[in-house]
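Just so we're on the same page: letters track the sequence lines, and every chain starts at 1.
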Number of protein chains: 2
Amino acid sequence: MSTALPRRGIPDATVARLPDYLRVLTAMSARGIPSTSSEQLAAAVGVRSAKVRKDLSHLGNHGVRGVGYDVANLSMKIAAELGQAREWPVVIVGMGNLGRALAAYGGLASRGLRVIGLFDHDDAIAGQRVAGLPIRPMADLDSVARDADVIGVIATPGPSAKEAADALVAAGVTSILNFAPGSLAVPDEVELRKVDLATELQILAVHKQQRYAEVSRDVPLAGVAP
Amino acid sequence: MSTALPRRGIPDATVARLPDYLRVLTAMSARGIPSTSSEQLAAAVGVRSAKVRKDLSHLGNHGVRGVGYDVANLSMKIAAELGQAREWPVVIVGMGNLGRALAAYGGLASRGLRVIGLFDHDDAIAGQRVAGLPIRPMADLDSVARDADVIGVIATPGPSAKEAADALVAAGVTSILNFAPGSLAVPDEVELRKVDLATELQILAVHKQQRYAEVSRDVPLAGVAP
DNA sequence: TAGATTGTTAATCGATTAACAATC
DNA sequence: TAGATTGTTAATCGATTAACAATC
């Protein structure tokens, strides 16, 4: 089962933008705006209109030439594509600051992601409530995750991430998002993605540095006095 | 000042991986390993060795053919490239769960990013200490950020993000990382990057959905009984 | 010299973009 | 019919990868 993967793949880059379009469409809908255009969507989201049309074309052809897109209809198509037809259960392992932030993050519910379990390695904090859910001991993970087809989130400090990943895999979880620094090994059938909160900051810092480097090279005669 | 930008640009994709290499090299250094190879680095980080060599070649040629890379020397080169020659001051606006998580995030200090100020819109929590720093009222932002060439981080809820961005821009900040959902408008001279914590989860959810879709299309005769 | 490993080339892939024919 | 806007094409760009000549 591989070679020619069936033409179902919407590019990840497009998937990442769909929630932005959906947010704008929802706001339009709330204001009673019945239809829109790729130009308007592009302006609201901050991309080029050609990209909007390309992205939306992956969903099928839901626009009308010369007219635009129906707000309600397009909203539904995007929501469907994002899997919001059903809710995806999420468990979070690691209830430090980051885990708590994620548990309370408003952006999840609006995208069909429902947090159903919070876990921490430290049994002493078990029972505390975060965003309405109790923190549970790791021993409970299997019973919550097994057969529920959950998405697992690792929000532990770096050193505990391996333990968290092993526990998730052992409980049958096949989709894991890792916020902890460092790389993790998981079986092939498990999809593991990683988010490093510092990466984008690092890129900003490097760009800042490059801006300085450019200035000092481009204007070598500027501040000459020794 | 534009057209042919001076050949200083290390690709962002490479910059994003450099901290991973540095982390592995630091661990090797601690264990007294004097040299390594692109194969070893690749295995430790979870990429192909060709990618490692390509990435490192952007830093100049610091390896020795037939031998490998000197751990200490390569560590220094990467640290220098990442701007760790100096420390970059960071201010965080929005001290909810996410802001607190970022303030305490260990990954920052190790990359030359130093949090020097925490701010919140709600003056009632001013004075509270998070990770050793006091939360300050927004009114203090200008005095802290002005002329300090800081990187600004927006960790507010979505609706407050615009206000936070305006305050940062008004204080002269030209590099901003936005963790709040929604898009922000900033002047051209300000570099704005965005991280959406839910995006990667969303991608996992869509992939999960596609896996189901594939199964039901590929094996249409499997569970037939009505 | 034989063995190892880099740095670079060239092929490939995926994403972005401008332009425009198709269509309302 | 004239005007507007989509959906698609083709060019471009950046990143990944395999392969290998260069070099220790």
Would you confirm whether [X], through its side chain, and [Y], through its main-chain N or O, come within 3.5 Å as a donor-acceptor pair?
{"X": "A/Arg48", "Y": "A/Glu39", "result": "no"}
{"X": "B/Ser29", "Y": "B/Leu25", "result": "no"}
{"X": "A/Ser57", "Y": "A/Lys54", "result": "yes"}
{"X": "B/Ser183", "Y": "A/Ala44", "result": "yes"}
{"X": "A/Thr14", "Y": "A/Ile10", "result": "no"}

Please give, in whole Å, the distance from [N] [atom2] to [X] [atom1]?
{"X": "B/Ile203", "N": "C/dA15", "atom1": "CD1", "atom2": "C1'", "result": "14 Å"}
{"X": "B/Leu41", "N": "C/dT5", "atom1": "CG", "atom2": "C1'", "result": "13 Å"}
{"X": "A/Asp55", "N": "C/dG14", "atom1": "CG", "atom2": "P", "result": "16 Å"}
{"X": "B/Asn61", "N": "D/dA22", "atom1": "CG", "atom2": "C1'", "result": "12 Å"}
{"X": "A/Leu56", "N": "C/dA15", "atom1": "CG", "atom2": "C1'", "result": "16 Å"}
{"X": "A/Lys51", "N": "D/dT6", "atom1": "NZ", "atom2": "P", "result": "17 Å"}
{"X": "B/Glu39", "N": "D/dA18", "atom1": "CD", "atom2": "C1'", "result": "12 Å"}
{"X": "A/Asp12", "N": "C/dT16", "atom1": "CG", "atom2": "C1'", "result": "16 Å"}

Considering residues at least two apart in sequence or located in another chain, which fulfil the salt bridge (charged side-chain N to carboxylate O under 4.0 Å, His left out) criterion with A/Arg100?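 Result, salt bridge (charged side-chain N to carboxylate O under 4.0 Å, His left out) vs A/Arg100: none returned.
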
Partners meeting salt bridge (charged side-chain N to carboxylate O under 4.0 Å, His left out) with A/Arg65 (sequence neighbours left out):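 Residues passing salt bridge (charged side-chain N to carboxylate O under 4.0 Å, His left out) with A/Arg65: none at all.
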
Look for any protein N or O under 3.5 Å of an N or O in nucleotides 19-21 of chain C and output each such pair with its distance, or none.
| residue | atom | partner | partner atom | Å |
| --- | --- | --- | --- | --- |
| C/dA19 | N6 | A/Arg53 | NH2 | 3.4 |

Tell me if the [atom1] atom of [X] is crowded by more than 12 foreign heavy atoms within 6.0 Å.
{"X": "A/Arg114", "atom1": "CZ", "result": "no"}
{"X": "B/Lys194", "atom1": "NZ", "result": "yes"}
{"X": "A/His121", "atom1": "NE2", "result": "no"}

With respect to the phosphate group of D/dA4, does any side-chain polar atom (N or O) of A/Tyr69 fall under 4.0 Å of OP1 or OP2?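 So the side chain of A/Tyr69 is outside the cut-off, no N or O lying under 4.0 Å from OP1 or OP2 of D/dA4.
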
In this structure, which stretches of DNA chain D are paired as stems of three or more consecutive Watson-Crick or G-U pairs, both distances less than 3.5 Å?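 The stems are C:3-24 with D:3-24.
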
Have a look at A/Ser38 and say if it touches a base, only the backbone sugar-phosphate, or nothing, with a 4.0 Å heavy-atom cut-off.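 Contact class for A/Ser38: sugar-phosphate only.
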
When we call it a touch if two heavy atoms are under 4.0 Å apart, what does B/His58 touch: a base, just sugar-phosphate, or nothing?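 Counting heavy atoms under 4.0 Å across all strands, no contact is made by B/His58.
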
Could you please name the option among D/dG7, C/dT8, D/dT17 that lies closest to any side-chain atom of B/Arg48?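 That would be D/dT17.
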
Taking only residues two or more places apart in sequence or in another chain, which ones pass side-chain hydrogen bond (donor to acceptor under 3.5 Å, both in side chains) with A/Thr156?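 Scan of A/Thr156 (side-chain hydrogen bond (donor to acceptor under 3.5 Å, both in side chains), adjacent residues dropped) gives none.
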
Quick test of your reading of the model: are B/Asp20 and B/Arg17 salt-bridged, counting only N-O distances below 4.0 Å?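 B/Arg17 and B/Asp20: not salt-bridged.
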
Polar-atom pairs under 3.5 Å, protein N or O versus N or O of nucleotides 9-13 of chain C: list them with distances, or write none.
none

